[in-house]
Colleague: 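Structure provided below as structure tokens; questions to follow.
Since the structure is predicted, the reported quantities are computational estimates derived from the model, not experimental observations.
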Amino acid sequence: MNVLELAVTADAESAEAVAAVFNEFAYGGAVVEQTITPEVGQTIDPARPFTVRAFLLMDETVELKRAALENAVWHLGQLRPLGELQIRELEEADWANAWKKFYSIVHLGKRVVIKPTWLNYSPHAEEVVIELDPGMAFGTGLHPTTRLCLAALEQYLTPGARMLDLGTGSGILAIGGAKLGASAIDARDIDPIAVETATKNVQSNRVESIVTVQLGSISLDDPALGFDLVTANILAETIAELARALRHQLAPNGILIASGILVEKGELVKAALRQVELRVIESMQESDWLALVATKSQESTVNSRQ
């Protein structure tokens with residue numbers, strides 16, 4: 001089946017709003033990307049615009065969905081600067097690979113290298129290489145929230161740790177955790193397309209003995225599994241809503257890495273974490289985005305790294 005590809009450029013805050021709208025209608029949800037030139041180790045410029053991309057199946061509902069998205073983007077454009085909405089039809093043989101030209105090899109943090117599955121790379125001895133086929137799921141390593149989470153994983157993940165990756169998307173954080181030394185990882189997402197994509201990526205990275213991907217989220221009704229580290233790269237409001245359930249899943253002195261948080265929503269999330277007695281021990285920022293590191297311990301030191 002052919003598809004319609006819709007794409008619009010935006011700054012970080014506007015990209016989140018557009019992605020939220022696209023997620024309501026698009027097959028597999030929205031993909032937020034930052035275009036980089038195909039050079040190994042290319043430095044990503046936080047000021048460079050993002051592209052929000054989505055696909056609509058050419059079925060009997062496509063015109064209604066297209067009209068709804070065009071209307072929504074127009075209204076958002078009255079409030080925030082947006083590029084012109086680009087729409088094109090892709091044939092079945094082409095659309096699944098259309099996004100590949102936007103990805104290259106990217107170095108993140110001190111050791112992590114994101115390598116699309118279709119490119120070749122010879123890593124240095126200390127490097128951790130994540131083979132990534134993002135497909136139609138969020139989490140390419142190009143978005144600031146993903147980069148912040150990977151940097152925090154490098155710092156806070158201890159060998160042998162048990163980890164929960166909530167909102168796993170492409171599986172990038174779960175795979176990174178496995179390659180950085182976690183012993184067992186539970187990766188969850190409420191999007192079936194994300195679960196499918198993450199499962200394939202886990203298999204291509206040969207970490208299926210460590211990472212289990214499943215459809216779902218968490219709640220206070222779930223048994224407490226005592227994870228040493230939890231990553232939640234989702235939305236600020238969702239993190240706030242799930243704060244008590246996230247704490248419920250942490251082992252004593254366990255670490256929560258929460259991201260997907262716009263700077264102006266940082267206090268909302270911090271307040272929700274304080275309310276459930278999770279202490280923020282570090283705040284990491286890139287461009288307009290935050291990652292918060294919190295723990296169940298009683299230490300009160302708060303650091304800030306930008």
Side-chain angles (χ1 to χ4, degrees), residues 16 19-20 23 29 32 137-141 143-157 161-178 180 182 184-191 194-195 197-198 211-222 224-251 253-263 265-286 289-297:
E16 183 186 42
N23 279 330
V32 182
F138 178 83
T140 63
H143 195 277
T145 61
T146 310
R147 297 200 298 270
L148 289 169
C149 285
L150 285 167
L153 270 179
E154 279 192 346
Q155 181 176 348
Y156 288 98
L157 180 68
R162 296 177 62 251
M163 174 178 161
L164 168 65
D165 181 26
L166 188 65
T168 194
S170 66
I172 184 172
L173 297 182
I175 296 165
L180 287 167
I185 301 174
D186 183 344
R188 305 185 189 185
D189 204 294
I190 60 173
D191 181 359
V195 171
T197 300
V211 181
T212 301
V213 184
Q214 61 179 306
L215 184 68
S217 183
I218 60 171
S219 75
L220 282 172
D221 296 328
D222 297 335
L225 298 179
F227 292 102
D228 302 298
L229 186 144
V230 174
T231 52
N233 185 17
I234 41 183
L235 297 176
E237 292 83 359
T238 306
I239 295 168
E241 291 171 4
L242 292 175
R244 196 169 298 278
L246 288 165
R247 186 186 190 281
H248 180 61
Q249 291 300 330
L250 281 171
N253 298 316
I255 293 291
L256 168 66
I257 300 171
S259 194
I261 307 165
L262 282 165
V263 170
K265 296 180 180 178
E267 288 305 318
L268 167 71
V269 178
K270 290 177 183 178
L273 298 179
R274 286 194 298 267
Q275 188 174 14
V276 301
E277 299 181 339
L278 285 172
R279 293 182 176 270
V280 176
I281 59 174
E282 184 165 8
S283 177
M284 306 167 68
Q285 181 176 343
E286 182 179 336
W289 299 92
L290 289 177
L292 301 176
V293 182
T295 180
K296 288 175 81 169
S297 73

Colleague: Quick one: does Leu153's side chain get under 4.5 Å of Leu229's, heavy atoms only?
Modeller: yes
Colleague: Any chance you could measure Gln249, atom CD, to Ser219, atom OG, to the nearest 0.5 Å?
Modeller: 8.5 Å
Colleague: Mind checking whether Ser170 and Thr146 have side chains closer than 4.5 Å, heavy atoms only?
Modeller: no
Colleague: Counting only heavy atoms not in Ile190, do more than 12 fall under 6.0 Å of its CD1?
Modeller: no
Colleague: Is the shortest side-chain heavy-atom distance between Trp289 and Val263 below 4.5 Å?
Modeller: no
Colleague: Determine whether Thr231 and Asn233 make a side-chain contact, defined as any pair of heavy atoms from C-beta on separated by less than 4.5 Å.
Modeller: no
Colleague: Shortest non-hydrogen contact from Ser283 to Leu290?
Modeller: OG-CD2, 3.7 Å
Colleague: Heavy atoms only: give me the nearest Cys149-Ser259 pair and the separation to one decimal.
Modeller: SG-CB, 3.4 Å
Colleague: Exactly one of Leu242, Val276, Ile218, Leu220 should register a side-chain contact (heavy atoms from CB on, under 4.5 Å) with His248. Which one does?
Modeller: Leu220
Colleague: Can you give me the closest heavy-atom contact between Ala251 and Asp228, atom names plus distance?
Modeller: CB-OD1, 4.3 Å
Colleague: Locate the shortest heavy-atom distance separating Leu166 from Ile234; write the atom from each residue and the value.
Modeller: O-CG2, 4.0 Å
Colleague: Quick one: does Arg162's side chain have a donor or acceptor within less than 3.5 Å of a partner on Gly226's backbone?
Modeller: yes
Colleague: Can any side-chain N or O of Thr295 pair as donor or acceptor with the backbone N or O of Gly254 at less than 3.5 Å?
Modeller: yes
Colleague: Taking atom CD of Glu237 and atom CD1 of Ile261, what is their separation to the nearest 0.5 Å?
Modeller: 10.0 Å
Colleague: Would Asp191 and Thr197 count as a side-chain contact (heavy atoms from CB on, under 4.5 Å) here? Give the steps.
Modeller: CA-CA 10 Å; Asp191 181 359; Thr197 300; over 6 Å; no
Colleague: Is there side-chain contact between Leu278 and Lys296, with heavy atoms separated by less than 4.5 Å?
Modeller: yes
Colleague: Would you check if Leu225 and Leu164 make a side-chain contact, meaning some heavy-atom pair closer than 4.5 Å?
Modeller: no
Colleague: On a heavy-atom basis, which atom in Leu246 and which in Ala232 lie closest, and how many Å separate them?
Modeller: CD2-CB, 4.5 Å
Colleague: Taking Lys270 for its side chain and Val280 for its backbone only, find out whether a donor-acceptor pair lies under 3.5 Å.
Modeller: no
Colleague: Working to the nearest 0.5 Å, report the span between CG of Leu180 and CD1 of Ile175.
Modeller: 12.0 Å
Colleague: Compare every heavy atom of Val213 with every heavy atom of Ala198, then report the nearest pair and how far apart it is.
Modeller: CB-CG1, 4.0 Å
Colleague: Contact between Asp165 and Val211 at the side-chain level, heavy atoms closer than 4.5 Å - yes or no?
Modeller: no
Colleague: How many angstroms lie between OG1 in Thr168 and CD in Gln214, if you round to the nearest 0.5 Å?
Modeller: 10.5 Å
Colleague: Could you tell me whether the side chain of Ile255 reaches within less than 4.5 Å of the side chain of Ile281, counting heavy atoms only?
Modeller: yes
Colleague: Please test Ile257 against Leu173 for side-chain contact (heavy atoms from CB on, under 4.5 Å), starting from the C-alpha separation and ending with a verdict.
Modeller: CA-CA 11 Å; Ile257 300 171; Leu173 297 182; over 6 Å; no
Colleague: Mind checking the CZ-OG1 spacing from Arg188 to Thr212? Nearest 0.5 Å is all I need.
Modeller: 10.5 Å
Colleague: I need the Leu273 CG to Arg244 CZ distance, nearest 0.5 Å.
Modeller: 11.5 Å
